[in-house]
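Everything below concerns the one structure shown next.
Residue numbers run from 1 in the order of the sequence given. Quick caveat, the model's predicted, so the values are computed rather than measured.
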Amino acid sequence: MTNSKKGICLVIIATIFWGMMGISSRSLSMAGLNTFDISFFRCFVAGALYLLWILKKDISILKLDLKGILICSLYGIITFALGFISYNMSVERIPISIAIVLMFTNPIWVTLFGAVLFKEKITKKKVVVIILCIIGCLCIGDVFATGGLNLDMIGVVAGLINGITFALQIVIPKVFEDKYQKDSMLVYGFIGAAVFLAFFADFNNIFTVITTSSNAGNVVLNILSISVLSTFIANTFYVKSTNFISTSTTSILVALEPIVASIFAFIVFGETLNFIQIIGAVIIVVAAMALELDLEKCIHDIRVRLSKEVG
């Protein structure tokens, strides 16, 4: 298998696992676990697996002073704990496909954070993308037709907060890139988030749900699915894919996630979107892809290929 095919396979697998995330989250919620319980499992299991991986890869990655450990742990609490909580709240209250698309508003937040923290220039292209994402969000909320009355606004806000925390997963490591390795921030971030969430998780409820549920096996499988497949493996494969293919190619393939999530949501829960909401989802996904792509270079490459074929 060529490197490009290997990279494409890795990111497609990651996308499929991310697309399954909403199904597992809602299934666990329906089984009786609350938002904090589900988020705790995601951070705890993923953190344990990352720790084992680091121990095998390079134990020196764990060698940080107390300040470094606290910063990395705070990174995890902000991005993982708050992000997972807001995601779970979102998929509990609004259609899974909409929750996933709202997560794709992260290019807006990355752009704004970049301008504030790193003095990055907001180009015309970025302004257009931000406007398109806002229009897409309004369409998804069905604001133009119903004023958003058909959607739970808490779920929508939670989805947008998830998009912000998703953006911060990229932004915060950039702030500390000269001090801490990304692997260090990941492992301590997940462990710190798990410790934080342990104060809010209802372990008696978790024990009761697992031991008394008529589908205890299904509960355990969903816990493993959302923590191992949709968190640890999906994130690892996504990062690994960039070693074989360009980040722009990766971003295009990841943009398939809302489509995958919509298919799973339709098969399992029978969820559908109206025409305006579908248009909004398409606008956000295309805008997110456009931000990652150098459109002028793409057009130039297409012209070169066409001229060679004609010649």
May I ask you to establish whether R42 and F80 are in a cation-pi arrangement, using a distance under 6.0 Å from NZ or CZ to the six-membered ring centre and at most 45° from the ring axis?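 R42 over F80 ring: no.
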What closest approach, in Å, do [X] and [Y] show between heavy atoms, and which atom pair accounts for it?
{"X": "W53", "Y": "D183", "answer": "CZ3-OD1, 3.9 Å"}
{"X": "I85", "Y": "S39", "answer": "N-OG, 3.4 Å"}
{"X": "N162", "Y": "G83", "answer": "OD1-O, 3.2 Å"}
{"X": "A198", "Y": "F203", "answer": "O-CE1, 3.4 Å"}
{"X": "M185", "Y": "Y180", "answer": "CG-CB, 4.1 Å"}
{"X": "S227", "Y": "F41", "answer": "CB-O, 3.6 Å"}

Validation row: [X], [Y] side chains within 4.5 angstrom (heavy atoms):
{"X": "D58", "Y": "I61", "result": "yes"}
{"X": "D202", "Y": "L33", "result": "no"}
{"X": "L64", "Y": "Y188", "result": "yes"}
{"X": "I38", "Y": "N34", "result": "no"}
{"X": "I77", "Y": "L82", "result": "no"}
{"X": "I59", "Y": "I54", "result": "no"}
{"X": "S73", "Y": "I69", "result": "yes"}

Using 0.5 Å steps for rounding, measure from the [atom1] atom of [X] to the [atom2] atom of [Y].
{"X": "S25", "Y": "I223", "atom1": "OG", "atom2": "CD1", "result": "11.5 Å"}
{"X": "I164", "Y": "L102", "atom1": "CD1", "atom2": "CG", "result": "11.0 Å"}
{"X": "I135", "Y": "I279", "atom1": "CD1", "atom2": "CD1", "result": "12.5 Å"}
{"X": "N222", "Y": "M21", "atom1": "CG", "atom2": "CE", "result": "13.5 Å"}
{"X": "T35", "Y": "L197", "atom1": "OG1", "atom2": "CG", "result": "10.5 Å"}
{"X": "L62", "Y": "Q181", "atom1": "CG", "atom2": "CD", "result": "10.0 Å"}

Is [X] linked to [Y] within one hydrophobic cluster, defined over Ile, Leu, Val, Met, Phe, Trp and Tyr using a side-chain heavy-atom separation of less than 4.5 Å?
{"X": "V157", "Y": "I94", "result": "no"}
{"X": "V228", "Y": "F264", "result": "yes"}
{"X": "L74", "Y": "L66", "result": "no"}
{"X": "L221", "Y": "M20", "result": "no"}
{"X": "I98", "Y": "I161", "result": "no"}

For F200, run the ring pair (Phe, Tyr, Trp, His ring centres under 6.0 Å) check against F40, F36, F84 and tell me which one passes.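 The option that passes is F36.
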Hey, are [Y] and [X] close enough side-chain-wise for a donor-acceptor pair under 3.5 Å?
{"X": "T165", "Y": "T79", "value": "no"}
{"X": "N218", "Y": "S27", "value": "no"}
{"X": "D37", "Y": "N205", "value": "yes"}

Please walk me through it: do F237 and V11 pass side-chain contact (heavy atoms from CB on, under 4.5 Å)? CA-CA 6 Å; F237 278 20; V11 74; over 6 Å; no
Is the backbone N or O of [Y] less than 3.5 Å from a side-chain atom of [X], with the two atoms forming a donor-acceptor pair by type?
{"X": "W109", "Y": "A167", "result": "no"}
{"X": "S24", "Y": "S225", "result": "no"}
{"X": "S230", "Y": "F17", "result": "yes"}
{"X": "S90", "Y": "S86", "result": "no"}
{"X": "T231", "Y": "I226", "result": "yes"}
{"X": "Y75", "Y": "L70", "result": "no"}

Would you say that more than 12 heavy atoms from the other residues, nucleotides or ligands in this model lie under 6.0 Å from the [atom1] of [X], or not?
{"X": "F266", "atom1": "CZ", "result": "no"}
{"X": "I267", "atom1": "CD1", "result": "yes"}
{"X": "F44", "atom1": "CZ", "result": "no"}

Check against side-chain contact (heavy atoms from CB on, under 4.5 Å), L224 and L229: CA-CA 7 Å; L224 293 175; L229 300 182; over 6 Å; no
Would I96 and F269 count as a side-chain contact (heavy atoms from CB on, under 4.5 Å) here? Give the steps. CA-CA 9 Å; I96 293 171; F269 297 115; 3.9 Å; yes
Parallel, tilted or perpendicular: ring planes of Y50 versus F190, cut at 30 and 60 degrees: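 Geometry flag for F190 against Y50: parallel rings.
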